[in-house]
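Reviewing the structure listed below.
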Amino acid sequence: TLEVSCKMFADDLEQIIEKNNHAELDISSEKDKASFDKYIPAYVRNHLAVAIDGKAANLSYIGFEKDKESAFCYFEVENVSSLKKIDVLDSLLHDFTADQINIIHVIVNGKRESTKLDYPDKNASFSF
């Protein structure tokens, strides 16, 4: 299983979800959790794509949690037996600010690779 977690500032995520869905929500409120569980996967799937060894991966939403000023959104890709290359298209929060910086960490078999994407860059590849 490939595990994917997206860490964003909770306020930024809340604001872009509100803007895109014309809704007034509070990411800290239990009453709005179901709305975020609907809007987060739709938003992330529109701004994050993963390909494993050249094949598009289907990100299955697990859930989100708020921790202090951060929001963690969790996804997984099942039935990944092995991989040699991961391609990532990441434009998360590009529609929120032109100053967006996204940092990607990939760990495969204990080996970690990282990269930083400054707006408007959105593509990264990792080989193992």
Between N21 and A23, is there a donor-acceptor pair closer than 3.5 Å when you use the side chain of the first and the backbone of the second? no
Mind jotting down which residue pairs meet the side-chain hydrogen bond (donor to acceptor under 3.5 Å, both in side chains) criterion with at least one end in residues 70-86? Sequence neighbours excluded, please. E65-Y74
Under a 4.5 Å side-chain heavy-atom rule over Ile, Leu, Val, Met, Phe, Trp and Tyr, are V106 and L89 clustered together? no
d(F128 CZ, I107 CD1) to nearest 0.5 Å is 8.5 Å
Kindly indicate whether the side chain of E18, heavy atoms from C-beta on, has any atom under 4.5 Å from the side chain of E24. yes
Pairs in or reaching into residues 29-43: which pass side-chain hydrogen bond (donor to acceptor under 3.5 Å, both in side chains), with residues at least two apart or in two chains? K33-D37, D37-Y61, Y43-D95
Please set out all donor-acceptor pairs under 3.5 angstrom arising from side-chain atoms of residues 1-14, sequence neighbours excluded.
unit_1: E14; atom_1: OE1; unit_2: I27; atom_2: N; d: 2.6

Exercise: identify the closest heavy-atom pair between D53 and L83: OD2-CA, 3.4 Å
Excluding sequence neighbours, so at least two apart, what forms side-chain contact (heavy atoms from CB on, under 4.5 Å) with A57? V50, I52, V77
With side-chain hydrogen bond (donor to acceptor under 3.5 Å, both in side chains) as the rule and sequence neighbours excluded, what pairs involving residues 116-128 come up? D87-S125
What I'd like to find out is whether the side chain of I104 reaches to under 4.5 Å of the side chain of L117, using heavy atoms alone. yes
Tell me, which pairs form a side-chain hydrogen bond (donor to acceptor under 3.5 Å, both in side chains) where one or both residues lie in residues 101-110, sequence neighbours left out? D90-N102, Q100-N102, H105-R112, H105-S114
Under the ring-ring contact (aromatic ring centres under 6.0 Å, His included) definition, can you give me all pairs with a residue in residues 11-32, not counting sequence neighbours? none
Please name all residues satisfying salt bridge (Lys or Arg N to Asp or Glu O under 4.0 Å) with E113, sequence neighbours left out, ordered by chain then number. K111
Spacing of CD belonging to Q15 relative to CG belonging to L25, to within rounding of 0.5 Å: 12.0 Å
Residues in ring pair (Phe, Tyr, Trp, His ring centres under 6.0 Å) with F36, at least two apart? F64
Can you measure from CD1 (I16) to NE2 (H47) and round to the nearest 0.5 angstrom? 7.0 Å
